Visitor: 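Take a look at the following structure, please.
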2 protein chains.
Amino acid sequence: MAMENNTERFEKLLVKNGLKRTTPRLQVLEILSGRDSATSQPYLEQVMGKDADRVTLYRVLQAFEEKGIIHKVLDQQGTANYAICSDGCSAHEHHDEHVHFNCDNCHKIYCLDTVKIPALKVPSGFKVEHLNLIATGICASCADKVN
Amino acid sequence: MAMENNTERFEKLLVKNGLKRTTPRLQVLEILSGRDSATSQPYLEQVMGKDADRVTLYRVLQAFEEKGIIHKVLDQQGTANYAICSDGCSAHEHHDEHVHFNCDNCHKIYCLDTVKIPALKVPSGFKVEHLNLIATGICASCADKVN
DNA sequence: GCTTTATTTGCAACATAATTGCATTAATAT
DNA sequence: ATATTAATGCAATTATGTTGCAAATAAAGC
């Protein structure tokens, strides 16, 4: 049980990014870290309840995204979902070019960190900066339940 | 100049899909067909102006999408953009699994019909139904202008 | 061409989501 | 402990999307 305390880790993360250690921010990090898939903005709003103003949540998420602490994935409905970035991310370069999987059944969004997006041939003249691949279908967990 | 008139083509397209030939519908088809990239809902709204109600536009786009006449692409901001489907599309199966290119400069969305999405290896258990790949960067036209 | 039928539109009302300005509060530095 | 700066919460506003319904319009039948 010598593992570092979550809150401690998050506090360091905030300081490192020049953000103050505030309650709403720690709360968001706690929630996001406790989930195995990306978390939708509406869900966050619901869980935080009256603990934080809706506006604050918007601003916290925006700040985190700018600093590269979290990354945003839009699902097929255009709803924003957020997940904590792996260590490779930074304010200047998000290494979030892994595939996201949007389950049609449970609507969770999984970051498939291990699946890299294959290189792409585009028409000449186009300069690709980022790739964003969302797969939809049935996730492993939902497929299991059917059996 | 023996080429078939646009309006005529569109009227046939509507009838074929069991939709009545109405002014707002023809207008939307005209606008979409006159552009080299997908068209955002807000832009359509602006161009149509008071010619059509906002609600009508929503319904026209929805009907077209259901029939497979157009397809929707969400850009990186989650805004809906629409493009006329290539002939392979139908109500039951959209053959829109080509790459979309979202220009960071002009914000246009191009359908790169010629670029196919490469097959993908996902973790076992996940069943992929559809793939959706959006590349962002600078489009050929914007890259040209810089020179 | 006129009438009937069914679809489509436009309006109004409503619901939801997102943004902005500003005063108050809270966190860090001195 | 105080000063300084950042962050929050509230109120107001704007944008975005949805629903029900009456009026208008398109296609079909006479």
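In this text the structure is predicted, and so the values were computed from the model without any measurement.
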Visitor: When the distance from CG of A:Leu61 to P of D:dA7 is rounded to whole Å, what number comes out?
Guide: 14 Å

Visitor: If you assign each of A:Leu19 and B:Lys20 to its closest nucleotide in DNA chain D, which residue comes earlier from the 5' end?
Guide: A:Leu19

Visitor: Separation of B:Arg25 atom CZ from D:dT25 atom P, in whole Å?
Guide: 15 Å

Visitor: On DNA chain D, check which nucleotide each of B:Tyr58 and A:Thr56 is closest to and give me the residue with the more 5' one.
Guide: A:Thr56

Visitor: Check this one for me: any side-chain N or O of B:Thr22 less than 4.0 Å away from OP1 or OP2 of C:dT7?
Guide: no

Visitor: Regarding B:Gln41 and B:Asn81, is there a side-chain donor-to-acceptor distance under 3.5 Å anywhere?
Guide: no

Visitor: Expressed as a whole number of angstroms, how long is the span from B:Gln62:CD to D:dT16:P?
Guide: 18 Å

Visitor: Tell me the interatomic distance from B:Asp51, atom CG, to C:dT9, atom P, rounded to whole angstroms.
Guide: 13 Å

Visitor: Mind checking B:Ala63 for me? I need base, sugar-phosphate or nothing, with any heavy atom below 4.0 Å counting as a touch.
Guide: nothing

Visitor: Rounded to whole angstroms, how far apart are CG on A:Leu74 and C1' on D:dT16?
Guide: 16 Å

Visitor: Do the side chain of A:Asn132 and the main chain of B:Ala135 share a donor and acceptor less than 3.5 angstrom apart?
Guide: no

Visitor: Are B:Leu19 and B:Leu13 connected, step by step, through hydrophobic side chains (Ile, Leu, Val, Met, Phe, Trp, Tyr) whose heavy atoms are closer than 4.5 Å?
Guide: yes

Visitor: Can the ring centroids of A:Phe64 and A:Tyr82 be said to lie less than 6.0 angstrom from one another?
Guide: no

Visitor: Taking atom OG of A:Ser37 and atom CG of A:Leu32, what is their separation to the nearest 0.5 Å?
Guide: 10.0 Å

Visitor: What nucleotide among C:dT8, D:dG9, C:dA12 has an atom nearest to a side-chain atom of B:Val55?
Guide: C:dA12

Visitor: Using whole Å, what does the distance between atom P of nucleotide D:dT16 and atom CG of B:Leu57 come to?
Guide: 12 Å

Visitor: Just how far, in rounded Å, is C1' of D:dT18 from CD of A:Gln77?
Guide: 16 Å

Visitor: Look at all strands and tell whether B:Pro24 reaches a base, only sugar-phosphate, or nothing, counting heavy atoms closer than 4.0 Å.
Guide: sugar-phosphate

Visitor: At less than 3.5 Å, do the side-chain atoms of A:Arg54 and the base atoms of D:dG9 form a donor-acceptor pair?
Guide: no

Visitor: What I want to check is whether an N or O donor and acceptor connect the side chain of A:Arg59 with the base of D:dA7 at under 3.5 Å.
Guide: no

Visitor: Starting at the 5' end of DNA chain C and moving along, which residue's nearest nucleotide shows up first, A:Gln41 or B:Asp53?
Guide: B:Asp53

Visitor: Round to a whole Å and report the spacing from NZ of B:Lys72 to C1' of D:dG17.
Guide: 11 Å

